[in-house]
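Below is one structure, written out as structure tokens; the observations come after it.
Below, read A as the first sequence line, B as the second, and so on, with proteins coming before strands; counting in each chain starts at 1.
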Amino acid sequence: MRRAGPSQPLPSLETSWRRGRLMPEVLVLTLLLATLTPLLAWHGLERSLVATTVTMAVPASTAATDLEGALQALRRAAPVAAVETAPPAAVEELWASLYGADAQAPILLDVRLWPTVTIDAAALDQLATTFLPEAVVEVHVGHLPPAWTTWPLLALWLAIGLTLGVRLRRGLRRFLAAERDALTLLVAFGGKPQRIEALVAKPAERRLTLASAGAALLGGALGLGLVATAYALPLASLASLPWLALPLAVLATASILPFAVRLLARRVLRRRLHLAMA
Amino acid sequence: MERPAPVVRLFDLDVGPKPGLVLVEGIEWEVRGGCIVAVVGPIGSGKSSLLRTLGLLQPPGRGVYEFVGHVTHLANAHLRASLRRRLGLALPDLPWLGAASVRENLALPLKIQETAASEIDQVVGDFLEWLGLGSRAETPASLLSDGERRLLRVARAAVTRPDLLLADEPLAGLDRATTERVRRLLHELARLGTAVVVTAAESAATAGLAHETWKLDDRRLRPADAAALRLAG
């Protein structure tokens, strides 16, 4: 018999995983996806927010406290995202051209609302005029059509997401094949059961943890992308979801995907290990 | 001269590719150390199933397989693992570590057996030179030609100098020079005391290699030459 020596690492799994041509591509694609997802989300969100606007033209003589009261009432009635005043110079110029140089320009307010389930335009109008009887209120409810930039952005996002999914699936299959080969060889050449456990099962667990973290990132991006897509297109039923849906969708996708990957891979590996050592 | 002890003894053994499917039945057989035995038979006659059973990769259907004095079906997981360390398997269904080099693949059985690193380097280096694969030592196994892979398969089985080496058609599809290398390797192993079992489709393929030849015929393992007949008698 040969002399027993110090335990040595096997060249099998770690090297085949490290040497795989998978990692750089996946890294680049993930970075691209991570960059595109917030872009797409912001793009869609902006369109959606702009789409729901209350425009109020208030006489210049309106007291500041009245104005503030009206805005507070609006905030209580509907989720206000932002209040913007129109550029004073532009308004004054327009007013002067209409009513003459001495006419005092009104204050124009654009109140942007977060998308909500329902926006009662008549109620908002009444509310604003209750506090500001002289205000001219115009409520725009509905979505603007998607900007032309939405489509290439969305197409790119989908293409990268799909490519990444395919690459990850291929990587997982390669990982399982490498584990299977190593396990077969370890058993066939007389690896001790506890050594097989140490060499195959434990490193496999570590790699699965890494794979799960990767899948969680991908899942998060996909979840966010789904919500972003709904706002970017916009899909009326999805875009009108309450805001709680966004983190929930992201969280659910990010949790379920790695869990599924891990469960599947663990079951396959454990079954093989059990069969091989029986 | 004293005959070497039997390495393999089979008593009324049935073998087949899976439980319930028997291709060869009632095998009564013995293989001794230092002997090269050929098992010939057509495709589907049960040659590979016999080798897989002898290689402890599948359980026999019925009967008793005794390897180096141990009844294999009574062995627990630890004993079975230690028995496997005394086997050399050159079977086509054993995979390669494709991304690993020729040297790493050849060293794998030694590493599994926890051989000292210095000894692994020396043994593997000697083997590579002897096989003429020295220049390909760092090449990934997946890039080898079919002939080189067959040669490496036998070498990987032989590198631990096992008590029993099982090779499924080791000479099929090899050129003359490689065939000669494999023959020399197997003869050298047998000279050192290893029992070698090889398979072939026809007995001509193992002429000049095997000391005795057996034939799988009509679900039975029968002697096919005078040497085998003498042992069977």
- Closest contact, heavy atoms only, Pro95(B) versus Thr184(A): CD-CG2, 3.8 Å
- Query: Would you say the side chain of Val187(A) lies within less than 4.5 Å of the side chain of Arg80(B), judging by non-hydrogen atoms?
  - Reply: no
- Query: Closest heavy-atom contact between Gly191(A) and Ala81(B)?
  - Reply: O-CB, 3.6 Å
- Task: Flag yes if more than 12 heavy atoms outside Leu74(B) fall under 6.0 Å of its CG atom; otherwise flag no.
- Result: yes
- Note on the structure: The reported gap from CG in Leu89(B) to CZ in Phe189(A) (rounded to nearest 0.5 angstrom) is 6.0 Å
- Task: Before giving the answer on side-chain contact (heavy atoms from CB on, under 4.5 Å), spell out for Leu185(A) and Arg156(B) the whole-Å C-alpha distance, their side-chain angles and the decisive distance to 0.1 Å.
- Result: CA-CA 11 Å; Leu185(A) 290 172; Arg156(B) 187 176 65 176; 3.7 Å; yes
- Query: Between the side chain of Arg85(B) and the main-chain N/O of Gly190(A), is any donor-acceptor distance below 3.5 Å?
  - Reply: yes
- Query: Using non-hydrogen atoms only, which part of Leu57(B) is less than 4.5 Å away from chain A: side chain, backbone, both, or neither?
  - Reply: side chain
